[in-house]
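What follows is a short report on a single structure.
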Amino acid sequence: MELSEAKQWARAYYRGIDNLLLPSHTPDFAGLDEAGIRHDVRQSIQHGFMSTSGVAPLCSFAEYVRMLEIACEEARGRIFVGAYIGEKDQDANRKLLAHAARAGCSHAVLVPRYLTPASSDELYQWYAELIESTSLPIVLYAQNNPRLKHLHPSGIALDVFDRLAELPSVIAVKLTQAINLVRAVECARRLGERILVGPVHLDMMPLLSQVCHVQWSGQWNAECAQSPQHPYVVEYIDAISRKDLDFAEKIYWMLEPAYRAFFQLQTPLLLKGGHPWQHIKYNQWCVGGNGGLIRDIGKPRDQVPVLTREARLSIRSAYQSVNIQPERDEEEEFVVGKTAYARGVRRSGMAALPLYE
Ligand SMILES: N[C@@H](CC=O)C(=O)O
């Protein structure tokens, strides 16, 4: 099969781990802490990740555009930067795609977060309009989307992805950590020859790699089970892509306790449409990331939980269980963010301590 230029580019270079770039904020939470964001981009490079993807739902539109610009400036071609496109309005999505391309992003992830389409055709149209409007390579997201359950009980409209995979700029599909195994195999079987299949759930990779070639995983908090000194997740996906299952299995059992702890925290939240954002920030900080509290975006606590002392201790012990010594227990540095702390900002100067107890 003749693959498009973008698909060939992806096969050659889109290999490895794509992590999450979360915003860092000023102490009054009114703006972005650019130094903190730059730190996290450099830290993703230290981890050996191939790409870092900006998390949009935690920022305003203007902040998100700026975050992508900062990330691309700091990346300077050393790591790919992905943009997440999922606004309510298609005009806003087109604008965001244009900003992302101008900033120097390598790809965009399209997520119809607000659309309840009457049919598969309407959903296809939503994607097609955006794909036609940009030259950026496109990543699809196979998530358990409650708004699509009338199209398929899994919430993953594979028939639509099947059509989209034919388009030259569609390069990959992310399989959510919470995906049903049968649906994951269907995605691998039906899409895997044309676009790259990127599972987040590490347990599924050995099996899926028997169905199609697996060479990337993203966008997720891969820092939950590795550090720059112990890049287990990076080594695991590398072994999977080389089809060296003996080595992959060996690495898997080295990272498994920490991965399982994160899986057990995150998966029930994903199924409700949430994410443990503050926990992810803490995870990243424990292995050298900037940290700094993210804003409370007003989601119910059973979707975006509070980071408690107990949760912090269990994250620290998850790292210890895989032989990683987490960052010194300096909670104040985590709360304000590493770069702000170095500039003299302290907890007493923060306007609030959202999602933190
Ligand atoms: N959104 C991701 C997880 C991010 O940490 C997923 O669907 O698995």
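Ligands are counted one by one from 1 in listed order, and the atoms in each one are counted from 1 as well.
Protein heavy atom nearest atom 1 (N) of ligand 1, with residue, atom name and distance: H275 NE2, 2.8 Å. In this structure, atom 8 (O) of ligand 1 lies nearest to the protein heavy atom Q177 N, 2.8 Å. Nearest protein heavy-atom contact of atom 7 (O) of ligand 1 is Y141 OH, 2.4 Å. Counting protein heavy atoms only, atom 5 (O) of ligand 1 is closest to Q266 OE1, 3.2 Å.
Taking a cut-off of under 4.0 Å to the non-hydrogen atoms of L20, the atoms of ligand 1 that pass are 4 (C), 5 (O).
Checking only distances, W220 never comes within under 3.5 Å of ligand 1, N or O to N or O. Considering backbone and side-chain N/O atoms, K174 comes within less than 3.5 Å of an N/O atom of ligand 1.
Relative to the ring axis of Y124, R163 places its NZ or CZ within 45° and under 6.0 Å from the centre. In this structure, R190 forms no cation-pi arrangement with F161, as its terminal cationic atom is not both closer than 6.0 Å to the ring centre and no more than 45° off the ring axis.
In the model, D28 has a side-chain atom that pairs as donor or acceptor with a side-chain atom of T26 under 3.5 Å. In this model, a donor atom of one side chain and an acceptor atom of the other lie less than 3.5 Å apart for Q90 and W126.
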*With ring pair (Phe, Tyr, Trp, His ring centres under 6.0 Å) as the test, would you mind laying out the steps for H107 and Y14 before giving the verdict?*
CA-CA 10 Å; H107 64 282; Y14 203 73; 5.0 Å; yes
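Salt-bridge check for D238 with R242: passed, with a basic side-chain N closer than 4.0 Å to an acidic carboxylate O.
Heavy atoms of Q143 come nearer than 4.0 angstrom to ligand 1 in no pair at all.
Residue contacts with ligand 1 for T176 involve both N, CA, C or O and side-chain atoms from C-beta outward (heavy atoms, distance under 4.0 Å).
The cluster map of Ile, Leu, Val, Met, Phe, Trp and Tyr, joined by side-chain heavy atoms under 4.5 Å apart, puts W9 and L164 in the same cluster.
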